[in-house]
*Asks:* 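Let me give you the structure first, and then I'll get to my questions.
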Protein chains: 2
Amino acid sequence: MQAAYLQTFPAQLTLIHEGDPADFLYVVVEGKVELFANSNGREATMAVVRPFGTFILAAVLKDAVYLMSARTTERAKLLLVPSEDIRKAFEKDDAFARAIVVELASCYRGVVKDQKDIKLRTSVERLANRLIRYDKDQGNSGLLELPYDKRTLASLLGMTPENLSRAFNTLKPYGVEVEGSKVRLTDMKSLLTLAKPNHLIDERTT
Amino acid sequence: MQAAYLQTFPAQLTLIHEGDPADFLYVVVEGKVELFANSNGREATMAVVRPFGTFILAAVLKDAVYLMSARTTERAKLLLVPSEDIRKAFEKDDAFARAIVVELASCYRGVVKDQKDIKLRTSVERLANRLIRYDKDQGNSGLLELPYDKRTLASLLGMTPENLSRAFNTLKPYGVEVEGSKVRLTDMKSLLTLAKPNHLIDERTT
DNA sequence: TGCATGGATTGATTTACATCAAGACTACGA
DNA sequence: TCGTAGTCTTGATGTAAATCAATCCATGCA
């Protein structure tokens, strides 16, 4: 940790580009970081990392290039640990190595769940389940705040901003009221009937 | 390894169901195993494991339930290692723990690449790139054999069998000739132009 | 106060893909 | 040799979502 940097970055700053060698492991201490990928002139958001998540762990361990690019969505405080140090600690410190494995296994299962989400659900179902998840995260009050702007949310859910807008309209009859970044869920029962949440997709802890 | 079972299974046998606790780690010794998932009455193939790949490693390490189901696509010989033993070895044997991490990191990067493939490409592009990959795996001869039946390939590529058929027709002008499970690539240059392969998606080793 | 800017929404249209419904081909067994 | 079942293919149609285009905001700023 001696050689690690704690640094603050402004919003919308690209931190790393896919294809670059993995020089640092990043830990989000404050703010949010969007992971995204490009190909063929197209772009897709892959994930958003919040405190205190890490990103680019697998690339660091394999001493490989990054598979995703990363940019801040808002002002963010990040810890940068030289990947050389991570690999050394990994060799020397058994407890560290095992802790790494648990983190990595969790990330892995997260991606698998994301893939099931995309392959097995329509975009409206994905949005419905996402809203239910955010509500749960924020205390089951039925009143939730979207954690990032709609453009980012749309890409994360694998749709265009236009379609997200329409998807919200589709959910109106199921008690979903949107006002800016605030969302009210007034008929959870019927929303659940539509969304059919599945703990093997939506549960993030296990 | 003392308690591991080496067993032969017939084709089309479901080995595990998603949601079940992870009792065994599986290693494919011979044949192929399809990993798939269900939700909402829909089904999707997530991956196909060949010798000598493992599956369900993350679930075993986390002592969690399986996220995917698995079935043999053909007669297969599998090694079943009790997950309890894996976790014990993981605790005691440092070299084993580190080897596990490398395998896990590779699997993780594989899923990320699959996700980029789905999010950034059309189905025809996915098929084109897949054919190029199989050709490379089989020695760049321009003559390749599809490793599983078209139904499975279709689901793996995220499309219906009907659409796979049509996608092959779309690729005909680009020198793709199909006959049963054999495919000839007679105009690699124009196929590459269409497919635009990207080593951050298609390269499987790094 | 007025005007630029970028996000969000809405409507019209196009495209990609799924679904439905027949056929065609293949392999296999009685 | 003829069913018969399974896989694959083809065509017609339907649906989900992308794209294109216009407008409607909010916000910041001179």
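Letters A, B, ... are given to chains in the order of the sequence lines, protein chains preceding strands, and every chain is numbered from 1.
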*Asks:* dA18(C), OP1 or OP2 - any side-chain N/O from Thr160(B) closer than 4.0 Å?
*Replies:*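 Looking at the OP1 and OP2 atoms of dA18(C), one of them is under 4.0 Å from a side-chain N or O of Thr160(B).
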*Asks:* Just how far, in rounded Å, is P of dG7(C) from CZ of Phe168(A)?
*Replies:*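 For the pair Phe168(A) CZ and dG7(C) P, the rounded distance is 17 Å.
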*Asks:* Provide, to the nearest angstrom, the distance between the CD atom belonging to Glu43(A) and the C1' atom belonging to dT19(D).
*Replies:*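 So the CD-C1' distance, Glu43(A) to dT19(D), works out to 17 Å.
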*Asks:* Of all the choices, dT9(D), dG11(C), dT9(C), which nucleotide is nearest to the side chain of Lys150(A) once you look at every atom?
*Replies:*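 That would be dT9(C).
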*Asks:* Does Glu162(B) get its side chain close enough to the base of dC17(C), under 3.5 Å, for a donor-acceptor pair?
*Replies:*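 Answer is no: no donor-acceptor pair is held.
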*Asks:* So does Asp202(A) pair up with Arg126(A), basic N to acidic O under 4.0 Å?
*Replies:*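 Not counted as a salt bridge, because no side-chain N and carboxylate O are separated by less than 4.0 Å.
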*Asks:* Can you list the steps and then say if Asp187(B) with Lys172(B) is a salt bridge (charged side-chain N to carboxylate O under 4.0 Å, His left out)?
*Replies:* CA-CA 10 Å; Asp187(B) 186 358; Lys172(B) 214 173 266 174; over 6 Å; no
*Asks:* Can you name the closest pair of heavy atoms from Arg109(A) and Ala64(B) and give their distance?
*Replies:*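 Smallest heavy-atom distance, with atoms named: NH2-CB, 3.4 Å.
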*Asks:* CZ of Arg166(A) versus P of dT15(D): gap in Å, rounded?
*Replies:*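 Between P of dT15(D) and CZ of Arg166(A): 17 Å.
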*Asks:* Just the rounded figure in Å: distance from P of dA8(C) to CG of Leu153(A).
*Replies:*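 After rounding, the gap between these two atoms is 10 Å.
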*Asks:* Between Arg42(B) and Glu125(A), does the salt bridge (charged side-chain N to carboxylate O under 4.0 Å, His left out) criterion hold? Intermediate values first, please.
*Replies:* CA-CA 13 Å; Arg42(B) 280 161 255 177; Glu125(A) 289 171 341; 2.9 Å; yes
*Asks:* How many whole angstroms separate atom CE of Met159(B) from atom C1' of dC8(D)?
*Replies:*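 After rounding, the reported distance stands at 15 Å.
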*Asks:* I need the CZ-P distance between Arg42(A) and dA16(C), as an integer number of Å.
*Replies:*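 That distance rounds to 10 Å.
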*Asks:* What integer distance in Å separates Asn163(A):CG from dA8(C):C1'?
*Replies:*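 My rounded result for the distance is 14 Å.
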*Asks:* If you compare every side-chain N and O of Asn169(A) against the phosphate oxygens of dT10(C) (OP1, OP2), does one of them come in below 4.0 Å?
*Replies:*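 So the side-chain polar atoms of Asn169(A) do come within 4.0 Å of the phosphate oxygens OP1 or OP2 of dT10(C), strictly under.
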*Asks:* With heavy atoms under 4.0 Å as the rule, sort Arg151(B) into base, sugar-phosphate or nothing.
*Replies:*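 If one applies the 4.0 Å heavy-atom cut-off, Arg151(B) turns out to touch the sugar-phosphate alone, with no base involved.
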*Asks:* Is any side-chain N or O of Ser123(B) closer than 4.0 Å to OP1 or OP2 of dC17(C)?
*Replies:*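 Yes, Ser123(B) has a side-chain N/O under 4.0 Å of OP1/OP2 on dC17(C).
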*Asks:* Thinking salt bridges, do Asp135(B) and Arg184(B) make one under a 4.0 Å N-O criterion?
*Replies:*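 Arg184(B) and Asp135(B): not salt-bridged.
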*Asks:* Distance check needed: dA17(D) P versus Arg126(A) CZ, whole Å only.
*Replies:*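 My rounded result for the distance is 7 Å.
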